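Order of the sequence lines sets the chain letters (A, B, ...), proteins ahead of strands, with each chain counted from 1. What you see is a predicted model; the values in this text were computed from it and never measured.
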There are 2 protein chains.
Amino acid sequence: MDKQQSFEEIQERLEANDLRLTPQRAAVVKVLLDHTHTHLRTEEIFLLAKEFAPDIGLATVYRTLEILERLNIINRFDYGDGQSRYEMGRDTEEHYHHHLICLGCGAVSEFEDDLLEMLEDKIASKCQFKIVDHSLRFFGYCKKCQMNNRG
Amino acid sequence: MDKQQSFEEIQERLEANDLRLTPQRAAVVKVLLDHTHTHLRTEEIFLLAKEFAPDIGLATVYRTLEILERLNIINRFDYGDGQSRYEMGRDTEEHYHHHLICLGCGAVSEFEDDLLEMLEDKIASKCQFKIVDHSLRFFGYCKKCQMNNRG
DNA sequence: CTTATTGCAAAAGTTTTGCACTATA
DNA sequence: TATAGTGCAAAACTTTTGCAATAAG
């Protein structure tokens, strides 16, 4: 159901904004395309990108991720542990998947749901607040950790 | 409707856990009690606590906030900007208020709702994930910023 | 007297920035 | 040849930690 973006589409989107798809930026994009449905930390992206562009610098990765986020090509996630995580955007579907973060083992799974649409409408009319995005995270214990008595 | 904790109750809670309510810790608690319904950054708490305990160190503030969070006396919030924010806990009511974060002026307002209870039940049964907490943030533009064409 | 707590400074960790160099249109 | 982009190192920033000094039971 996901409308996955292709490498070519991303290249076009960059060039439409007068940004070049340099080898370094391409390396970052390739890493993200190779790891859909995973939330990569910047350091992980950096290390993986080195396989495509060995001389890439960490600063370039940060700068590239900032660009990709600004163009809505990727989404940034914050688990509250002081590190940003990134994932390829999934257009509108993206809006309605939430994160289940396990306090036992740190695993992150997803839950698809559109219940929040109702809530957003409610907020928009009650508070006159124009919502453009949201972030919903659930903290708890996954099945495995519950069995291991960690929850 | 909020069941506000008193200074004495907090003292009892600390002592029940073999923790002393030192002047420094008392200063932090006073700051938090004086700023209910506000999400203070650690640095702000540090500066405000200095009025009660001039010699308090930043490390002590961090250590105190960690203790208070562990005892569920305060709640930690993460707006995704790399800084933690804190607020006095409001027991069970706390669970069902969400944050509206304005991308124009940075103002944070709250929205009370219990729709998420349904969603939590759904997740618990579908994913066998035992939820203990959640965080829901909406990003958008407040009424004022919409009028100022910032949204 | 024994343990908890503190302040300070240093360290750790992520992210940003300055700048000279390089690649590209 | 202008300009965009890069790598490196340094800086910025929040948070944590080691440790000697202090306070409290």
Side-chain angles (χ1 to χ4, degrees), chain A residues 10-31 39-71 73-86 106, chain B residues 10-31 39-71 73-86 106:
Chain A
I10 291 166
Q11 177 162 25
E12 283 168 19
R13 192 110 66 102
L14 281 169
E15 289 172 355
N17 285 272
D18 290 316
L19 293 162
R20 299 176 198 156
L21 186 60
T22 63
Q24 291 90 339
R25 288 176 182 168
V28 171
V29 168
K30 277 182 209 157
V31 167
H39 307 110
L40 297 169
R41 289 179 289 110
T42 313
E43 189 74 22
E44 289 173 328
I45 296 170
F46 172 56
L47 293 174
L48 290 166
K50 281 199 167 190
E51 295 176 19
F52 297 111
D55 292 337
I56 193 170
L58 183 56
T60 298
V61 174
Y62 274 101
R63 285 187 280 234
T64 301
L65 292 172
E66 192 223 305
I67 289 169
L68 295 176
E69 190 195 1
R70 183 155 41 82
L71 297 183
I73 293 170
I74 60 175
N75 292 112
R76 188 168 76 84
F77 298 102
D78 192 319
Y79 294 172
D81 64 349
Q83 271 185 97
S84 291
R85 286 174 171 78
Y86 295 90
Chain B
I10 291 167
Q11 178 162 26
E12 281 168 21
R13 192 109 66 101
L14 281 170
E15 288 172 356
N17 286 274
D18 291 314
L19 293 161
R20 300 176 197 155
L21 185 59
T22 63
Q24 292 91 337
R25 287 175 181 169
V28 170
V29 168
K30 277 183 208 156
V31 166
H39 308 110
L40 297 169
R41 289 178 290 112
T42 314
E43 188 75 22
E44 289 174 327
I45 296 170
F46 172 56
L47 293 173
L48 289 165
K50 281 200 164 188
E51 295 175 18
F52 298 112
D55 292 338
I56 193 171
L58 183 55
T60 300
V61 174
Y62 274 101
R63 285 187 279 233
T64 302
L65 292 172
E66 193 224 304
I67 289 169
L68 296 176
E69 190 195 1
R70 183 156 40 83
L71 297 183
I73 293 169
I74 60 175
N75 292 111
R76 188 168 76 86
F77 298 103
D78 192 320
Y79 294 172
D81 63 349
Q83 272 185 94
S84 291
R85 287 172 170 78
Y86 294 90

Nearest-Å distance, [atom1] ([X]) to [atom2] ([N])?
| X | N | atom1 | atom2 | value |
| --- | --- | --- | --- | --- |
| Asp55(A) | dT22(C) | CG | P | 13 Å |
| Leu14(A) | dG5(D) | CG | C1' | 13 Å |
| Asn17(B) | dT3(C) | CG | C1' | 17 Å |
| Glu66(A) | dT6(D) | CD | P | 12 Å |
| Arg70(A) | dT16(C) | CZ | P | 13 Å |
| Leu65(A) | dT15(C) | CG | C1' | 11 Å |
| Glu15(A) | dA4(D) | CD | P | 15 Å |
| Ile67(A) | dT16(C) | CD1 | P | 13 Å |

Problem - Short side-chain N/O contact to dG5(D) OP1/OP2 from Thr60(A), under 4.0 Å - result: no
Exercise for the section: Ignoring backbone atoms, test whether Gln24(A) places a side-chain nitrogen or oxygen under 4.0 Å from the OP1 or OP2 oxygen of dG7(D). Expected result: yes
Heavy-atom side-chain proximity of [X] to [Y] below 4.5 angstrom:
| X | Y | value |
| --- | --- | --- |
| Leu19(A) | Leu71(A) | yes |
| Ile73(A) | Arg13(A) | yes |
| Ile67(A) | Arg25(A) | yes |
| Ile74(A) | Tyr86(A) | yes |

Problem - nucleotides 12-19 of chain D: protein proximity per nucleotide (B base, S sugar-phosphate only, - neither; heavy atom, under 4.0 Å) - result: --SBBBB-
Exercise for the section: Considering only NZ, NE, NH1 and NH2 on the basic side and carboxylate oxygens on the acidic side, decide whether Glu66(B) and Arg63(B) come within less than 4.0 Å. Expected result: no
Problem - Nearest-0.5 Å distance that lies between atom CD in Glu43(B) and atom CG in Leu47(B) - result: 5.0 Å
Practice task
With rounding to the nearest 0.5 Å, note down the distance linking OG1 in Thr22(A) to CD1 in Ile56(A).
Solution key: 7.5 Å
Handout entry: Among dG7(C), dT3(C), dG7(D), the one nearest Ile56(A) by side-chain distance
Key = dG7(D)
